[in-house]
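What follows is one structure encoded as structure tokens, with my remarks underneath.
One-based numbering, in listed order, for ligands and for the atoms of each.
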Amino acid sequence: MGADDLRIWLNHFEYHAQNSRTVPSCLSDELTAEERRRISGSIATFQLGEQSGGGTLRAAAERFARSRGMPSLVRIVELFIREEERHAALLRIFMEDHGITLKRHDWTDGVFRIVRRLAGLELYLNVFICAELIGKVYYRALEAATGCQRLKVLCRVLVCEELAHVGFESQLLLTLRAGRPAPLRALMRLAHRAFFLGTAAVVWLTHRPVLRCAGYDASSFLRSCLAQYAFYLEPPAVAVAHTSV
Ligand SMILES: [Fe+2]
Ligand SMILES: [Fe+2]
């Protein structure tokens with residue numbers, strides 16, 4: 001990831017900070033009792049996950065940017081954190097409007113937070129991108145599982161922004177990985193894929209009612225998640241051959 005890439009990402013995040021995507025207030029906003037029962041616990045877990053632990057990420061990005069001479073990375077990460085905070089706020093307001101209880105703790109979120117707190121930027125992003133890739137599949141499923149227009153559009157807004165997040169994270173991670181010796185790279189790839197698959201399996205087990213309603217079974221959900229993983233993190237070699245840090 002060179003200076004030009006960083007400039008493009010900085011422009012992207014600056015633009016969207018000034019021009020936030022919104023959910024129009026004219027949309028119908030009805031949630032049936034059945035839908036509410038089905039999505040409440042699930043959406044609350046994702047709302048908690050969107051509160052991304054910005055302090056840890058900020059500190060890791062500052063250390064990393066200083067050591068690599070990439071000052072614009074700090075600003076990019078700052079804007080990225082603000083988008084995540086906005087996701088959490090959009091979901092919170094929707095939940096409050098529908099009397100859905102917010103979660104303060106969830107064991108899956110707790111595990112992610114502990115790992116990220118221990119990590120430098122690269123490990124943090126390796127963990128975080130798993131949640132983001134699976135989140136993209138989940139929000140699409142949530143959109144399909146509800147008839148509520150407001151929630152559908154909210155899910156589309158989140159997916160749109162997550163697309164850019166995983167684009168940025170994967171480009172940075174692949175660049176860092178490309179600088180490593182081939183055997184270490186292969187080992188890292190295997191370990192990361194296994195972690196990703198384990199995380200996706202936990203998401204299936206803990207969010208089945210929503211995912212089933214969207215038409216998934218365990219195998220199709222894992223396949224969708226792995227397709228996302230392959231698209232962003234296992235691109236043809238040529239795609240990263242000309243990048244540098
Ligand atoms: Fe998000
Ligand atoms: Fe994100």
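For Glu50, every N, O or S atom stays at 2.8 Å or more from the Fe ion (ligand 2). At least one N, O or S atom of Glu162, from either the backbone or the side chain, sits less than 2.8 Å from the Fe ion (ligand 1). Taking 2.8 Å as the criterion, Glu83 does not count as a coordinating residue of the Fe ion (ligand 2), since none of its N, O or S atoms falls below it. The Fe ion (ligand 2) has no N, O or S atom of His87 under 2.8 Å away, backbone or side chain.
Taking the Fe ion (ligand 2) as the corner point, the angle from His165 atom ND1 to Glu132 atom OE2 is about 100° (rounded to 10 degrees).
Using a cut-off of 4.0 Å between Lys/Arg side-chain N and Asp/Glu carboxylate O, Glu132 and Lys136 are scored as not salt-bridged. Ion pairing of Asp109 with Lys103 is absent here, as no side-chain N (NZ or NE/NH1/NH2) approaches a carboxylate O to less than 4.0 Å.
The aromatic rings of His12 and Trp9 sit perpendicular to each other, their planes meeting at more than 60°, with 30° as the lower class boundary. Note on ring orientation: taking the six-membered ring where Trp is involved, the planes of Tyr229 and Phe196 are tilted (angle from 30° to 60°).
Atom OE2 is the N, O or S atom of Glu84 at the shortest distance from the Fe ion (ligand 2).
Side-chain atoms of Ser219 and Arg223 include a donor-acceptor pair closer than 3.5 Å.
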